[in-house]
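In what follows, a single structure is set out as structure tokens and then discussed.
Chain naming here is simple, since letters A, B, ... match the order of the sequence lines and numbering starts at 1 in each.
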There are 2 protein chains.
Amino acid sequence: MTLVTIAQASAITGISAKMIRHYESIGLIAAPLRTENRYRHYSDSDLHDLGFIRRSRDLGFSFEDIRQLLSLWRDRGRSSAEVKAIALRHIAELDQKAAALAAMSRTLKRLAASCHGDDRPDCPILEALDPPFITETHTNP
Amino acid sequence: MTLVTIAQASAITGISAKMIRHYESIGLIAAPLRTENRYRHYSDSDLHDLGFIRRSRDLGFSFEDIRQLLSLWRDRGRSSAEVKAIALRHIAELDQKAAALAAMSRTLKRLAASCHGDDRPDCPILEALDPPFITETHTNP
DNA sequence: ATTGACCTTACCACAATGGGAGGGTGGTAT
DNA sequence: ATACCACCCTCCCATTGTGGTAAGGTCAAT
């Protein structure tokens, strides 16, 4: 069993030492072994978990999702349906966020296209941000 | 000049009273009039700015961008090029984020499609998150 | 014995938003 | 008058994921 320091674990997994400690503090990973001088030392199993977390993060999973995924990974009796359900929900969130961003981008592109972008002050972008009318909209009369 | 309370301003602009106070605290909007009892009262001009902020926020602009956009809106001698530059930079950021999300979604969809999602434990999603090998990658020998 | 590279904990910060505590104000209903 | 309710106020804390910084301990080599 190889043991590495936190800086080495960071270099191997691509997760900053700062974040590794943070993952430990929120209970996402188990507390690693400590040498007499209180230095953390990570085992292969620890490194596996960190790598798992790294890949999950790269796919945009939240810590809460990662917690569940790690737990399922460890559970030999898991059903793949549980994993898939987490993934599908996350996919839906990703698609929703991407669609929202794309909608903003589309709107802005249309506005930017109609903005001449020279020294003159008139600009359809600002006009679009300008509220058209502030009437006394009594929502509660 | 109509003056409305913060709750009315919130109803009109769709920005929570909480956020309106926050915008004031960070200097995004000017401090509104106060009545003797320290209650905030918003003028049409204040409401305009809040509406402007609301629309900018809906397009995903950061507070810093909004600060500049508002300042340009007020500046009669602005050049539309300045506004367009902010918009184009923001569009690039939006597209980049959307592309990143879409890439995650694509990867996950591929994995989810190959996961049978039943009671059996084997799952390509978990396999993808599983680091393939933890060799002793001595980055610093 | 000093330097420099590592490690430790413990704070603070970000963007944008919400929640809640604890207290003041004002109008209305009894 | 008094109780009640709706509104307002200021503070503080939480979120998510990441980074910074400070102040100190440890260790190997010079």
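Counted by atom type alone, A/D122 and A/H116 present one or more donor-acceptor pairs between their side chains at under 3.5 Å.
Using cut-offs of 30° and 60° on the angle between ring planes, the pair B/F63 and B/Y23 is perpendicular.
When each of D/dC8, D/dG17, C/dA16 is scored by its nearest atom to the side-chain atoms of A/S62, the top-ranked nucleotide is D/dG17. Checking C/dT17, C/dC7, D/dT18 against every side-chain atom of A/H22, the shortest atom distance belongs to D/dT18. Listed nucleotides C/dT8, C/dG18, D/dT10 differ in distance to A/R21; the shortest reach to its side chain belongs to C/dT8.
Taking NZ of A/K84 as the reference point, atom CG of B/L111 lies at 11.0 Å (rounded to 0.5 Å).
In this structure, the side chain of A/S56 engages the main chain of A/F52 through a donor-acceptor pair within 3.5 Å.
One finds a side-chain N or O of B/R57 lying less than 4.0 angstrom from the OP1 or OP2 phosphate oxygen of C/dT17. Note on A/R38: every side-chain N or O is 4.0 Å or more away from OP1 and OP2 of D/dT26. OP1 or OP2 of D/dG25 has not a single side-chain nitrogen or oxygen of A/R34 nearer than 4.0 Å. The phosphate of D/dT18 has neither OP1 nor OP2 within less than 4.0 Å of any side-chain N or O from A/S16. Between A/T5 and C/dC7 there is a side-chain N or O to OP1 or OP2 distance below 4.0 Å. Contact annotation: A/R40 reaches the phosphate of C/dT9 (side-chain N/O to OP1 or OP2, under 4.0 Å). In this structure, A/N37 does not reach the C/dC7 phosphate: none of its side-chain N or O atoms is under 4.0 Å from OP1 or OP2.
Annotation for B/D58: atom CG counts as buried by contact number, over 12 foreign heavy atoms lying within 6.0 Å. Open room surrounds CG on A/D119; 12 or fewer heavy atoms of other groups in view lie less than 6.0 Å from it.
For a distance-only test at 3.5 Å, the side chain of A/K18 fails to qualify as a donor-acceptor partner of the base of D/dG17. Contact of A/Y23 with D/dG17 (side chain to base): no donor-acceptor pair of N or O atoms is detected under 3.5 Å. Side-chain atoms of B/Y39 and base atoms of C/dG26 include no donor and acceptor less than 3.5 Å apart.
If you take CZ of B/F61 and C1' of C/dA16, they are 17 Å apart, rounded to a whole angstrom. Across the protein-nucleic acid pair, A/E24 atom CD and D/dG17 atom P stand 18 Å apart, rounded to whole Å. We find that CG of A/L33 is positioned 16 Å from P of C/dC7, with the value rounded to whole Å. In this structure, the CD1 atom of A/I26 is 15 Å from the P atom of D/dA14, given to the nearest Å. Atom-to-atom, CZ of A/F63 to C1' of D/dT16 comes out at 7 Å; the value is rounded to the nearest Å. Summarising the geometry, the separation between CE on B/M19 and P on C/dG18 is reported as 6 Å, rounded to the nearest angstrom. In this structure, the CD1 atom of A/I20 is 15 Å from the P atom of C/dC6, given to the nearest Å. Remark: C1' of C/dT17 and CZ of B/R54 are 14 Å apart, rounded to the nearest angstrom.
The residue among A/E36 and A/E64 whose nearest nucleotide of DNA chain D lies closer to the 5′ end is A/E64.
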